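Everything below concerns the one structure shown next.
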Amino acid sequence: VDITLREMVKPYHFEAGVGYDTYVGPRVHSSLTKHNFIGDAQDLTLDLAWSSLEQLAILSFYRPVLFNISDYYVGMGAKLGYSNLEFDGFQEDKAFFRTYLDHETKRVNLKLGWAFESIKIRAVDNLKPGNELQFAVNEGDFLLTYPYVDFTYDARDSKLNPRFGYYLN
């Protein structure tokens, strides 16, 4: 059996859109991905989103095979980002870094990772006349670090038009 491999014809993927979110209102977003970044099928992606209440930027890296153990392939990913989200009465500025190892089969996707977040919360005077702040807000700088697990089991007959099976996440 002859197998022929060739590099992708279009190494870049660009996506842009306009939408509406019930919390942040009208928004625009874009994404630029460089496939096969420095070889080994690695991806580098920049995601940007903007609305009047939220601004978001995320730089992501993914390497599908970091190592393998007895034919179990383990990939690695990382995300570095910043978000600025305004709520009623306060604003949250957050810088974050997440890294993870993942293993994927036909039905199972497992990610084990660690996250770091630096969050700054400050009060803002953005309440409409006659409205009151409904809950207490603690202003300040907060540093968070935590492990996380993301597990997905997909036993559907089709991902695009499923009729049978189940999906757990």
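Please read these numbers as outputs of a predicted model, since none were measured by experiment.
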Taking a hydrophobic cluster as the set of Ile, Leu, Val, Met, Phe, Trp and Tyr residues connected by side-chain heavy atoms closer than 4.5 Å, whether directly or through intermediates, do [X] and [Y] fall within one such cluster?
X	Y	value
Phe87	Ile119	yes
Ile69	Leu101	yes
Phe61	Ile38	yes
Leu53	Ile121	yes
Phe67	Val65	no

Nearest heavy-atom pair of [X] and [Y]: which atoms, and what distance?
X	Y	value
Ser52	Val24	OG-O, 4.1 Å
Pro26	Ser51	O-CB, 3.2 Å
Thr99	Gly77	OG1-O, 3.2 Å

Closer than 3.5 angstrom, by distance alone: can the side chain of [X] be matched with the main-chain N or O of [Y] as a donor-acceptor pair?
X	Y	result
Ser31	Phe14	no
Glu139	Ala123	yes
His103	Tyr73	yes

Quick one: [atom1] on [X] to [atom2] on [Y], what's the gap to the nearest 0.5 Å?
X	Y	atom1	atom2	value
Leu66	Gln42	CG	CD	9.5 Å
His29	Leu56	NE2	CG	11.5 Å
Asp150	Asn109	CG	CG	6.5 Å
Glu92	Glu54	CD	CD	9.5 Å
Tyr20	Arg27	OH	CZ	12.0 Å
Asn36	Thr33	CG	OG1	13.0 Å

Where at least one partner belongs to residues 76-87, residue pairs that pass side-chain hydrogen bond (donor to acceptor under 3.5 Å, both in side chains), sequence neighbours excluded
Gln55-Asn84, Tyr82-Asp93, Asn84-Gln91, Glu86-Asn126
All side-chain contact (heavy atoms from CB on, under 4.5 Å) counterparts of Phe116, not counting sequence neighbours:
Phe97, Trp114, Thr145
Counting only heavy atoms from other residues, nucleotides and ligands, does the tally under 6.0 Å from OH of Tyr72 exceed 12?
no
Might you confirm whether atom OH of Tyr146 has over 12 heavy atoms from other residues, nucleotides or ligands at distances under 6.0 Å?
yes
Can you check whether Thr45 reaches Tyr62 side chain to side chain, under 4.5 Å on heavy atoms?
no
Derivation and outcome, side chain to side chain contact (heavy atoms under 4.5 Å, CB included), residues Met76 and Val74
CA-CA 7 Å; Met76 188 271 297; Val74 177; over 6 Å; no
So is Arg98 actually on top of Tyr100's ring, under 6.0 Å and inside 45° of the axis?
no
Other members of the hydrophobic cluster containing Leu110, with the 4.5 Å side-chain heavy-atom rule, please.
Val108, Leu112, Val149, Phe151, Tyr153, Tyr166, Leu168
